[in-house]
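These notes are about the structure you will find just below.
The basis for the numbers below is simple: all heavy atoms, side chains too, and nothing from hydrogens, waters or symmetry mates. Atoms within a ligand are numbered from 1 in the order they appear, just like the ligands themselves.
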Amino acid sequence: MALSFFNKNKKAKKSVEKLPDTLPNHVGFIMDGNGRWATKRGMPRTFGHREGAKNFKDLSLYCRDIGIRNASFYVFSTENWKRPQDEIDAIMDLFWDYLSEADQYLEKRVRMIFVGDRSRLQDRLQKRMNELENDSKDFEKMNLILAINYGGRDEIRHATQEIARQVKDGLLDPDAITEETIEKHLYTAGLPDVDLLIRPSGELRLSNYLIWQCAYAEYYFTNVLWPDFKRNEFNKALINYAQRGRRFGGI
Ligand code: IPE
Ligand code: IPE
Ligand code: MG
């Protein structure tokens, strides 16, 4: 583990001067374009996932260092099970490798939170995810939210089931259900809505990512593929975000 990316983490300082004063409280990243990045280089798609994972590690630490309080990353969607089994296996192996060295986040006081239905994941992954969540639960520097086997519709289905059970058991009056009731039952309970949603790779869609939490998000799309979406590209997104007027329906 001597060559861990964490040890090689570049200091964020150099780029900090260029950043705007208004930073989003929650930045969501849809890490798309790994496959195309590899294909363009005549390499297998899994090569792109490896490169994408490296970039994710770097940007997650950069978010922490520049003072973003909540950063969420779309790792694997409920729809991604449609992919060839060898690609799914490669992604899960990369995720395992990542989790194996994620203790380093704890030293940096980053709280790790996993959202999605983890029951379909390998036992070793579930065990490690629970462990990291537990060991980091008191950390305040940044919430690092990883969406794995996550789907926004599946999340709302899951919340609805929990609420329906409470109604059935006579613990909740249907007339007392508010938006807050629903939020409390989402995987993201207690976390803030997304302020800035970033999707590289040229696709202009949410692909089922945090659909409830993005209701008033600002969107930033770029053609750059995820493995090339580095700190400087992220800085551009932050500068662009700072110039936007958010009204939330007001004037
Ligand atoms: C995103 O990159 C990674 C995952 C969905 C796991 P893709 O694999 O979707 O890359 P493209 O979109 O095919 O280029
Ligand atoms: C979204 O990317 C899922 C993740 C990045 C994990 P996809 O590549 O799966 O999305 P679509 O299929 O282009 O909508
Ligand atoms: Mg894709």
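Within 6.0 Å of CG on D123 lie no more than 12 heavy atoms contributed by other residues, nucleotides or ligands. For NZ of K127, the number of neighbouring non-hydrogen atoms (other residues, nucleotides, ligands) closer than 6.0 Å is 12 at most.
For ligand 2, the atoms closer than 4.0 angstrom to any heavy atom of M31 are 5 (C). Distances below 4.0 Å separate heavy atoms of N80 from the following atoms of ligand 2: 3 (C), 6 (C), 9 (O). Of all the atoms in ligand 2, the ones that sit under 4.0 Å from a non-hydrogen atom of V75 are 6 (C). Less than 4.0 angstrom separates some heavy atom of F76 from each of these atoms of ligand 2: 6 (C). Those atoms of ligand 1 with a heavy atom of I91 less than 4.0 angstrom away are 6 (C). Those atoms of ligand 2 with a heavy atom of R205 less than 4.0 angstrom away are 11 (P), 13 (O), 14 (O).
Under the 4.0 angstrom criterion for non-hydrogen atoms, G33 is in contact with ligand 1.
A donor-acceptor contact under 3.5 angstrom links the side chains of H49 and E87, judged on distance only. Side-chain contact check for N235 and R231: no donor-acceptor pair (N or O, by modelled atom type) lies under 3.5 Å. Y241 and T22 share no donor-acceptor pair across their side chains, judged by distance under 3.5 Å alone. With 3.5 Å as the limit, one finds no donor-acceptor pair spanning the side chains of D193 and W212. Checking N25 against D195 by side-chain atom types alone, no donor-acceptor pair falls below 3.5 Å. Using modelled atom types and a 3.5 Å distance limit, the side chains of N34 and E51 yield no donor-acceptor pair.
For the pair R41 and W37, the distance from NZ or CZ to the six-membered ring centre is under 6.0 Å and the angle to the ring normal is within 45 degrees.
Looking at R36 against ligand 2, nothing comes within 4.0 Å, counting heavy atoms. Residue contacts with ligand 2 for Y209 are absent, since no atom lies close enough (heavy atoms, distance under 4.0 Å).
For ligand 2, none of its N or O atoms has an N or O atom of E203 under 3.5 Å away.
The protein heavy-atom contact nearest to atom 10 (O) of ligand 1 is G35 N, 2.9 Å. In terms of protein heavy-atom proximity, atom 5 (C) of ligand 1 is nearest to R83 NH2, 3.3 Å. Remark: minimum distance from atom 11 (P) of ligand 2 to any protein heavy atom is reached at S207 OG, 3.6 Å. Among protein heavy atoms, the minimum distance from atom 2 (O) of ligand 2 is reached at R199 NH2, 3.6 Å.
Between the Mg ion (ligand 3) and the N, O or S atoms of D32, the shortest distance is to OD1.
Checking E203 against the Mg ion (ligand 3), every N/O/S atom stays at or beyond the 2.8 Å cut-off.
Between W226 and F56, the ring centre distance reaches or exceeds 6.0 Å.
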